[in-house]
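What you see is a predicted model, and the numbers here were worked out from it, not measured in a lab. What's counted below: heavy atoms across the whole structure, side chains too, no hydrogens, waters or symmetry copies. Order of appearance sets the numbers: ligands from 1, and atoms from 1 within every ligand.
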Amino acid sequence: MNIILIGPPGSGKGTQAKILEERHNMKQLSSGDMLRAAVSEGSEIGNKAKSYMEAGELVPDDLVVEIVTEQIEKLGDKGFILDGFPRNVHQAEVLDRMLEKRDRQIGRVLVIEVSDDLLVDRIAGRYTCAGCGEGYHDKFKQPEKEGVCDKCGSTEFIRRPDDNPDTVRNRLAVYHEQTRPLVDYYKEQGKVRIVDGEQPIEEVTKALEQAMA
Ligand code: AP5
């Protein structure tokens, strides 16, 4: 099955996509991770995307669509979890057309709901392992051994430059204005399931798995 995860910044899309990827032999496709990789490589797309990301604005559709569809095409028949894409109705329409041409489709659109107040707290405490990208949080998910990644043993961690309070507020506003309308778009296709993202991580996973069944 192919899945889309929709949710505001910090709602747990990346966290859950990684868990589902491991458990269900699917591939996580995170548009944010792809764009951050392009920025750090200094590619043409990365250079164009950088200022939008730093401001918490959406990167222009043509850049994102190119980078994501390329990855979908590489997958062959393997099921995928889209995390952060599509982000507006235009991107969803392009995705639908692209999948239709390849005889593929989205099975479920899973919406993770979390209140804005909680999101600011979650994003402010977030960091990832510089070695393998495993996600952690100052309060909610610390490594078992302080300062050492549980997964790869690295002792280096990074925080995202767009995780500062002003940019986070803008990212939330952009979500409500441009991304949330996607829920109605996919409701018309009968694919939407809403999940309470304010529960502990493992409870959210269970709810998502039930919604996928
Ligand atoms: P992107 O990377 O997609 O960021 P985002 O949507 O803002 O989402 P986040 O990655 O911040 O949060 P998340 O929902 O993955 O939460 P996480 O699992 O990390 O996009 C970044 C930028 O790229 C955009 O602003 C835009 O500029 C650009 N972009 C990307 N895609 C685009 C597109 N399609 N079109 C145009 N532009 C695009 O969790 C957050 C923290 O909370 C973690 O520390 C985690 O451990 C913790 N946590 C998770 N779940 C729980 C829980 N249940 N309880 C307690 N803590 C939890």
Side-chain angles (χ1 to χ4, degrees), residues 4-21 28-40 45-46 48-69 71-72 81-92 94-95 110-116 118-129 133-143 150 157-164 166-180 182 195-208:
I4 294 175
L5 287 182
I6 294 180
S11 57
K13 301 182 296 295
T15 303
Q16 296 297 335
K18 285 194 175 69
I19 298 172
L20 296 175
E21 177 180 51
Q28 175 197 15
L29 296 176
S30 157
S31 49
D33 286 351
M34 291 175 206
L35 289 166
R36 279 184 286 280
V39 170
S40 54
I45 290 183
K48 287 183 186 161
K50 191 167 185 264
S51 60
Y52 294 96
M53 296 176 78
E54 281 172 355
E57 296 292 334
L58 292 189
V59 171
D61 290 345
D62 54 337
L63 301 180
V64 187
V65 165
E66 184 182 332
I67 212 167
V68 176
T69 52
Q71 294 302 316
I72 293 176
I81 307 161
L82 283 171
D83 155 14
F85 181 90
R87 210 66 161 219
N88 58 32
V89 172
H90 177 248
Q91 291 181 11
V94 174
L95 175 69
L110 306 175
V111 182
I112 307 179
E113 289 201 320
V114 179
S115 67
D116 285 6
L118 197 64
L119 293 171
V120 177
D121 205 26
R122 278 200 195 168
I123 294 175
R126 170 173 61 179
Y127 59 99
T128 52
C129 169
E134 181 72 359
Y136 294 99
H137 192 279
D138 291 328
K139 275 198 239 169
F140 308 124
K141 188 188 166 204
Q142 293 154 355
D150 296 339
F157 296 89
I158 38 177
R159 287 181 195 260
R160 273 170 45 179
D162 60 343
D163 279 352
N164 63 76
D166 282 348
T167 311
V168 169
R169 270 189 285 277
N170 196 36
R171 283 161 60 198
L172 281 170
V174 168
Y175 173 77
H176 290 297
E177 281 162 24
Q178 300 188 48
T179 306
R180 181 74 201 182
L182 274 181
V195 166
D196 173 7
E198 297 194 3
Q199 313 169 80
I201 291 174
E202 47 295 357
E203 295 302 318
V204 179
T205 309
K206 273 189 211 157
L208 291 171

Hey, does [X] sit under 4.0 Å from ligand 1 if you only count heavy atoms?
X: Tyr136; result: yes
X: Glu198; result: no
X: Gly135; result: no
X: Ile123; result: no
X: Gln199; result: yes
X: Gln16; result: no
X: Pro86; result: no
X: Gly7; result: no

Mind checking whether [X] contacts ligand 1 via backbone (N, CA, C, O), side chain (CB onward), both or neither, at a 4.0 Å heavy-atom cut-off?
X: Val59; answer: both
X: Val64; answer: side chain
X: Arg171; answer: side chain

Lys/Arg-Asp/Glu bridge criterion (N-O < 4.0 Å) met for Glu203, Lys206: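 Salt bridge: yes.
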- Query: Is any side-chain N of the basic residue among Lys141 and Asp150 closer than 4.0 Å to the acidic one's carboxylate O?
  - Reply: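 Looking at Asp150 together with Lys141, the answer is no, because their closest N to O distance does not fall below 4.0 Å.
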[X], any N or O under 3.5 Å of ligand 1 N or O:
X: Ser30; value: no
X: Asp163; value: no
X: Asp83; value: no
X: Leu35; value: no

If you count the atoms of ligand 1 from 1 in the order shown, which ones are under 4.0 Å from a heavy atom of [X]?
X: Pro8; value: 14 (O)
X: Phe140; value: 55 (C), 56 (N)
X: Gly197; value: 53 (N)
X: Thr15; value: 17 (P), 18 (O), 39 (O), 45 (C), 49 (C)
X: Gln91; value: 33 (C), 34 (N), 35 (N), 36 (C)
X: Ser31; value: 30 (C), 31 (N), 32 (C), 34 (N)
X: Arg36; value: 2 (O), 21 (C)

Quiz item: Can you find a side-chain donor-acceptor pair between Ser11 and Glu113 that sits under 3.5 Å?
Solution: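 Judged by distance alone, the side chains do not pair up.
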Side chain proximity check, [X] to [Y], heavy atoms < 4.5 angstrom:
X: Val68; Y: Val64; answer: yes
X: Ile81; Y: Leu110; answer: no
X: Leu29; Y: Phe85; answer: no
X: Ile201; Y: Ile19; answer: yes

In the protein, which heavy atom is nearest to [atom], and how far is it?
atom: atom 16 (O) of ligand 1; value: Gly12 N, 3.2 Å
atom: atom 24 (C) of ligand 1; value: Arg87 NH2, 3.5 Å
atom: atom 27 (O) of ligand 1; value: Glu57 O, 2.6 Å
atom: atom 9 (P) of ligand 1; value: Arg126 NH1, 3.2 Å
atom: atom 15 (O) of ligand 1; value: Gly14 N, 2.8 Å
atom: atom 10 (O) of ligand 1; value: Arg160 NH1, 2.9 Å
atom: atom 48 (N) of ligand 1; value: Arg122 CD, 4.0 Å
atom: atom 23 (O) of ligand 1; value: Met53 CE, 3.5 Å

Taking all atoms of both residues into account, what is the closest heavy-atom pair of [X] and [Y], and its distance?
X: Tyr52; Y: Leu58; result: CD2-O, 3.6 Å
X: Leu119; Y: Pro9; result: CD2-O, 3.3 Å
X: Gly135; Y: Thr128; result: CA-CG2, 3.9 Å
X: Gly84; Y: Arg87; result: O-NH1, 2.9 Å

Return the [atom1] to [atom2] distance between [X] and [Y], rounded to the nearest 0.5 Å.
X: Leu182; Y: His90; atom1: CG; atom2: NE2; value: 12.5 Å
X: Ile4; Y: Asp83; atom1: CD1; atom2: CG; value: 11.5 Å
X: Leu82; Y: Ile72; atom1: CG; atom2: CD1; value: 5.0 Å

* Only counting residues at least two apart or in another chain, list the ones meeting ring-ring contact (aromatic ring centres under 6.0 Å, His included) with Phe157. =>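 In terms of ring-ring contact (aromatic ring centres under 6.0 Å, His included), with neighbours along the sequence ignored, Phe157 is linked to Tyr127, Tyr136.
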Query - Option with minimal heavy-atom separation from atom 8 (O) of ligand 1, where the choices are Gln142, Lys18, Lys13 - result: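 Considering heavy atoms of Gln142, Lys18, Lys13, the nearest to atom 8 (O) of ligand 1 sits in Lys13.
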Who are the salt bridge (Lys or Arg N to Asp or Glu O under 4.0 Å) partners of Asp121, not counting sequence neighbours?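 With neighbours one apart ignored, the set is Lys139.
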- [ ] For the pair Glu21 (side chain) and Gln28 (backbone), establish whether a donor and an acceptor sit closer than 3.5 Å, ignoring hydrogens and angles.
- [x]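 Checking the backbone N and O of Gln28 against the side chain of Glu21, a donor-acceptor pair under 3.5 Å is found.
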| query | Just one of Arg171, Arg169, Arg36, Arg122 clears the salt bridge (charged side-chain N to carboxylate O under 4.0 Å, His left out) bar with Asp163, so which one? | reply |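 Result: among Arg171, Arg169, Arg36, Arg122, Arg171 is the only option passing the salt bridge (charged side-chain N to carboxylate O under 4.0 Å, His left out) with Asp163.
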